[in-house]
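Treat the numbers as computed from the prediction; the structure is a model and nothing was measured.
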Amino acid sequence: MLKTILVALDGSEIAGRVIQTLEDLVLSPDSKVVLCHVFPTPDSELELPADRPQAESPKFSYFHIEKQLQTYQEKISVKTELELVTGEPADEIIRLANIYKADLIVIGSRGLTGMKRIVLGSVSTQVMEEANCSVLVVKPGR
């Protein structure tokens, strides 16, 4: 039985698919879902899309992400908690999964291939390799 599920959301388009996948799971009324978002540290070498405006202040970004998670939280029929943390995404997701003793991590995959995957790495792959529980990776729609 899945008692605790950690759902890692990054604010991208795949977040909706991740929530839809979570809704498709049959959860016990005793289950708990932890929705989390990891803000990368300022010195992280994550690629920022040039065609998308960037948040002007960290507070705006935090507020926007928190509101988005609260919207998802309202759709979930079991007990939920929110976690917004800063750090290296894969490390923080694994740390939260260990703290909550998660039975399952649900995470999206950006579908990076080739050089982008080599240079940027894959958070979902690192989480799958290092997590102490099962990991469900939701791929982007085609």
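One distance of note links CD1 of Ile107 with CG of Asp10; it measures 8.0 Å at 0.5 Å rounding. The CD1 atom of Ile94 lies 11.5 Å from the CD atom of Glu88; values are rounded to the nearest 0.5 Å. Note that CD of Gln126 is 9.0 Å distant from CD1 of Ile93, once rounded to the nearest 0.5 Å. To the nearest 0.5 angstrom, Ile105 atom CD1 is 9.0 Å from Ser134 atom OG. Once rounded to the nearest 0.5 Å, the distance linking CG of Asp24 with CD1 of Ile19 reads 11.5 Å. Here the OH-CZ distance, from Tyr100 to Arg95, works out to 9.5 Å after rounding to the nearest 0.5 Å.
The two atoms that bring Ala97 and Leu6 nearest to each other are N-CD2, 3.7 Å, heavy atoms only. Nearest heavy atom pair, residue Thr4 against residue Lys101, reads CB-O, 4.2 Å. Closest approach of Thr86 to Thr41, counting heavy atoms only: CG2-CG2, 4.0 Å. Of all non-hydrogen atoms in Met1 and Asp103, the two that sit nearest each other are O-OD2, 4.1 Å. A pairwise comparison of heavy atoms in Glu92 and Gly87 identifies CG-CA, 3.8 Å as the closest pair. Nearest heavy atoms, Ile14 versus Val138: CD1-O, 3.3 Å.
Under the 4.5 Å side-chain criterion, counting only non-hydrogen atoms from C-beta, Val18 is in contact with Leu9. With a 4.5 Å cut-off on side-chain heavy atoms, Gln73 and Leu82 count as touching. Inter-residue side-chain proximity for His64 and Glu66 is flagged as unmet; no heavy-atom pair is nearer than 4.5 Å. By the 4.5 Å heavy-atom criterion applied to side chains, Leu96 and Val34 are not counted as neighbours.
Judged by distance alone, the side chain of Ser109 and the main-chain N or O of Lys139 form no donor-acceptor pair under 3.5 Å. Using a distance-only test at 3.5 Å, with no hydrogens or angles considered, no donor-acceptor pair links the side chain of Ser31 to the main chain of Leu27. At least one donor-acceptor pair closer than 3.5 Å links the side chain of Thr71 to the backbone N or O of Lys67.
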Next on the checklist: Test side chain to side chain contact (heavy atoms under 4.5 Å, CB included) on Lys79 and Val33; report intermediate values, then the result.
Outcome noted: CA-CA 6 Å; Lys79 181 181 174 190; Val33 172; over 6 Å; no
Checklist entry - Val137 and Ser124: side chain to side chain contact (heavy atoms under 4.5 Å, CB included), yes or no, with the steps? => result CA-CA 7 Å; Val137 178; Ser124 58; 4.2 Å; yes
Checklist entry - Run the side chain to side chain contact (heavy atoms under 4.5 Å, CB included) check on Ile5 and Leu22 step by step: do they pass? => result CA-CA 9 Å; Ile5 302 166; Leu22 177 68; 4.2 Å; yes
Checklist entry - Checking salt bridge (charged side-chain N to carboxylate O under 4.0 Å, His left out) for the pair Glu81/Lys32: CA distance, chi angles, key distance, verdict? => result CA-CA 8 Å; Glu81 290 186 34; Lys32 175 171 66 173; 3.3 Å; yes
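The aromatic ring centroids of His37 and Phe39 lie less than 6.0 Å from each other.
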